[in-house]
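One-based numbering, in listed order, for ligands and for the atoms of each. In what follows, residues are counted from 1 in the order of the sequence shown.
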Amino acid sequence: MKSQEIRSKFLDFYKDKSHAIVPSSPMVLKDDPTLMFTNSGMAPFKEFFLGNAVPKSNRIADTQKCLRVSGKHNDLEEVGYDTYHHTMFEMLGNWSFGDYFKKEAIAWAWELLTEVYGISKDILYVTVFEGSDDKDKLPMDQEAYDFWKQIIPEDRILMGNKKDNFWEMGDQGPCGPCSEIHVDIRTEEEKTKVDGKDLVNMDHPQVVEIWNLVFMQYNRKANGSLEDLPAKHIDTGMGFERLCMVLQGVTSNYDTDVFTPIIREIEAISGLKYGENEKQDIAMRVIADHVRAVAFSIADGQLPSNNGAGYVIRRILRRAVRYGFTFLNKKEPFIYRLVDILSKKMGKAFPEIKAQKQLIENVIREEESSFLRTLEQGLILLNQMIVNANSKVISGEKAFELYDTYGFPIDLTSLILREKGLSLDEKGFHEEMAKQKERSRAASESSTDDWTVLMDDSEEEFVGYDTLEAKVKITRYRKVTSKKDGDMFQLVFNLTPFYPEGGGQVGDKGYLEDVHGDVIYILDTKKENNVIIHFTKNLPKHLAESFNAVVDKKQRERTAANHTATHLLHQALREVLGTHVEQKGSAVHSKYLRFDFSHFSKMTIDELRDVENFVNARIEGKLPLEEKRSIPKEQALAEGAMSLFGEKYGDTVRSIRFGNSIELCGGTHVQNTADLWHFKIKSEGAVAAGIRRIEAITTDAVKDFYFENNRQFFEMKDLLNNSKEPVKALQSLQDENSALKKQIEQLLKDKAKNLKGDLKSQLEEVNGVQFLATEVDLDAGGIKNLAFELGNEFNNLFLLFGANVNGKAILTCYISKEIVSDTLNAGSIVRELGKFIQGGGGGQPFFATAGGKNPGGIKDALSKAISYLE
Ligand code: ATP
Ligand code: MG
């Protein structure tokens, strides 16, 4: 059975059981502070399990793109070494939100596997939670056991411990026992040697878990205790690639049609065969897996970068490059070439990958090249370390620096050291690593209390599109303590005019005032699992009373203007540059807006002008806002609304229209484009391969901008003696300046020449060495030239020069290679003499320099030099 068919059979099966089939949510998460990536099928439905929102159907099924590379689920290091863990994989799942429970979940899973897919019952095992005697004192899951007993022989039902068979969403929240389904796909012969049930949950590559059925029946509170959930839920997850392995009769996920086309392509590019050499096979699996993870992340809007989720993606890609570099001998970018086959094979189920193929290729190629350059640089640094090493062991600190500052992978360091007969202080390295982890953990440490509920009002209505002021009551609050912000309070209201950060737009600020005149400030507003949370430093005195909630009007108005400008800019870019322009990031602040988009070259001055003119024409056109607050998504799209990749839309959406610009958007906007006053682009530049960034301003910020430019212009003109043609005047100043520079260079050269003759005559022979220690009036470059020129004429030279360069002391030591020895070593000499000038330095045994802050010490350093010859 082809993988396409396996996927659709799953969805059809649950559709027949009255499940609504929904598309996969994005793999990269935007408004969940506790999670960077979707790591299981249930993650997009968290708000339903937490009771913060109501699903459109209480039965849902889908296939969800998951990524397990950080946090609680991190399989990255397994990938490539085993044949059934991936970074990115698809999880097939069916959900019941307070509807059916264990009985149906179990019966249907069994029906699907054995009847629809025709998997032999003889290769299946199931597990049931055995109970726990720890502080939770949980009973065994007898209920699940009894349902299983009706369909599978009892000797195939195994008891599982809390680690494997009790599922928790996090430290807090819904949780419950689970039943896993495992397959045993070993040969008959192997089965006679070891009984399958002894291999369940033992990391055997052919006795693996394929499906996990979670029965959510408890809620874990902040203090760790459990309470029964008012409504019980089902959450199941089946690994699609593992299922394909079973149904296609192979013993590795990489031998299914999900992966073989990619592996074939890697073989073609590398000229190597899969299945002939274990190291190469691992590398091929790593690359085949990682290209999927990276390509899908980019398609969802997460580019590789230096921090957060972007850094995780960068590390995945670098891991692939490294395996290609080390085991497939690929020193040039090649992973990007796999995107083509990937988009051909998966583009049907996931159109985002096809639509953005070119961008994905560009980004991956650029990342590959830049990391390959890093690897080359790292190799040079590592070689220097090896040459300069005083012992056979390279310190953990040095290796960590190479890893941390230059991104040079540690396993490559050990490999190269081993080849050169050296070794790495691994313990030291891991200590450095642990120290760094501790530093970042301490910086981000925080604790969250349980909510204190003041009144039960689960629907928190947002009224901020229509009003900036409202009477509100606090429904619940909690304290959050972190190193960074100290104590903060989070408040939830029955209704709120405060816009929570989202869609790139910053959250509202403002204040709450009660009838006694007490005021507390709202510092920020955010949305978390569909709840709008207001952040304050202090808790109001009269918590249970009503408050007048007031949004900071000025900030909101400017932010709204910039949000509207963002839509017009988006439209303008697609008009001027072409429809390949896709929004890749947006930040809407009160003072400016920032817009990232896909485009492959620097914008010309004319293009920038055209874009500005386009937007300004719409401002002058005084286009009114046409808002449709709650219409079916299909209708909005039919009307021509733009939707974005990587964004999670509900079934009903809000559409925002100004003239021909229509976008699905939850943000706040001006009533009329005339409110923007004027639009001005401040900068345009690259953020990544194929991604450009524009920063622009509207309203008051434009006035300030022109005023400031004007001020600078007049000051400049003033400095140019009020020249009528300031540009010309500046140009002639620059010309004059470079002519003078040339003259000075020539003069310095002449001076050095004279100096060289002079110094040569001062050389004195000490113990067979031509020796000179003296102060010279040259800069560092001049001294170096001089030393090497003198060096060319002798093979027994020892020079020490001191110089005072702009109040800083420098010492330069030169020793002919022929006479370098333990005592006559330029590197150690400058290190020692550096203390006279209160500084330090180093270099090679034949040439080294030191710098320091005390020119007064130069004389003493120079007079010490002769002692090295005695
Ligand atoms: P394992 O013990 O094999 O790592 P798990 O207990 O982490 O699995 P769950 O979190 O229960 O798995 O996820 C549900 C299903 O998703 C699993 O039964 C498996 O089929 C699949 N799955 C989990 N992790 C991966 C992965 N890294 N790659 C591919 N499939 C996976
Ligand atoms: Mg796992």
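- Atom numbering of ligand 1 starts at 1 in the shown order; those under 4.0 Å from a heavy atom of Tyr84 are 28 (N), 29 (C).
- Contact atoms of ligand 1 toward Asn212: 11 (O) (distance under 4.0 Å to a heavy atom of the residue).
- The shortest N or O to N or O distance between Ile210 and ligand 1 is below 3.5 Å.
- Remark: of the listed residues His86, His85, Arg242, His86 is the sole one forming a side-chain hydrogen bond (donor to acceptor under 3.5 Å, both in side chains) with Asn253.
- Among protein heavy atoms, the minimum distance from atom 15 (C) of ligand 1 is reached at Gly237 O, 3.5 Å.
- Closest non-hydrogen pair, Ile335 versus Val291, comes out as CG2-CG2, 3.8 Å.
- When the options Cys178, Cys175, Ser132 are evaluated for a side-chain contact (heavy atoms from CB on, under 4.5 Å) with Phe166, the one that passes is Cys175.
- Some N or O of His86 is nearer than 3.5 Å to an N or O of ligand 1, by distance alone.
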message: Working note: Phe429 + Tyr403, criterion ring pair (Phe, Tyr, Trp, His ring centres under 6.0 Å); need CA distance, chi angles, decisive distance, verdict.
response: CA-CA 10 Å; Phe429 175 82; Tyr403 161 82; 5.7 Å; yes
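- Ranking protein heavy atoms by distance to atom 29 (C) of ligand 1, first place goes to Phe89 CG, 3.4 Å.
- Close contacts of ligand 1 with Met91, meaning ligand atoms under 4.0 Å from a residue heavy atom, involve 13 (O), 14 (C), 16 (O).
- Shortest contact from atom 2 (O) of ligand 1 to any protein heavy atom: Glu209 OE1, 3.9 Å.
- In Lys437, the NZ atom is not crowded: 12 or fewer heavy atoms of neighbouring residues, nucleotides or ligands sit closer than 6.0 Å.
- Pro174 and Met216 get closest at one heavy-atom pair: CB-SD, 3.7 Å.
- A salt bridge links Glu188 with Lys191: the distance from a Lys NZ or Arg NE/NH1/NH2 to an Asp or Glu carboxylate oxygen falls below 4.0 Å.
- Side chain to side chain, Glu154 and Tyr145 meet the donor-acceptor criterion of an N or O pair below 3.5 Å.
- What sits closest to atom 23 (C) of ligand 1 on the protein, heavy atoms only, is Arg68 NH1, 3.3 Å.
- Among all protein heavy atoms, the one lying closest to atom 27 (N) of ligand 1 is Asp75 OD2, 2.6 Å.
- Shortest contact from atom 19 (C) of ligand 1 to any protein heavy atom: Arg242 NH1, 3.4 Å.
- Between the side chain of Asp289 and the backbone N or O of Thr87, at least one donor-acceptor pair lies under 3.5 Å.
- Looking at ligand 1, you won't find any N or O of Asn253 less than 3.5 Å from one of its N or O atoms.
- If you look at His85 next to ligand 1, the close heavy atoms, those under 4.0 Å, come from the backbone and the side chain alike.
- Close to ligand 1: His73, with a non-hydrogen atom less than 4.0 angstrom away.
- For Arg7 and Phe240, the positive end sits near the middle of the six-membered ring, less than 6.0 Å away and at most 45° from its axis.
- Close contacts of ligand 1 with Trp211, meaning ligand atoms under 4.0 Å from a residue heavy atom, involve 18 (O).
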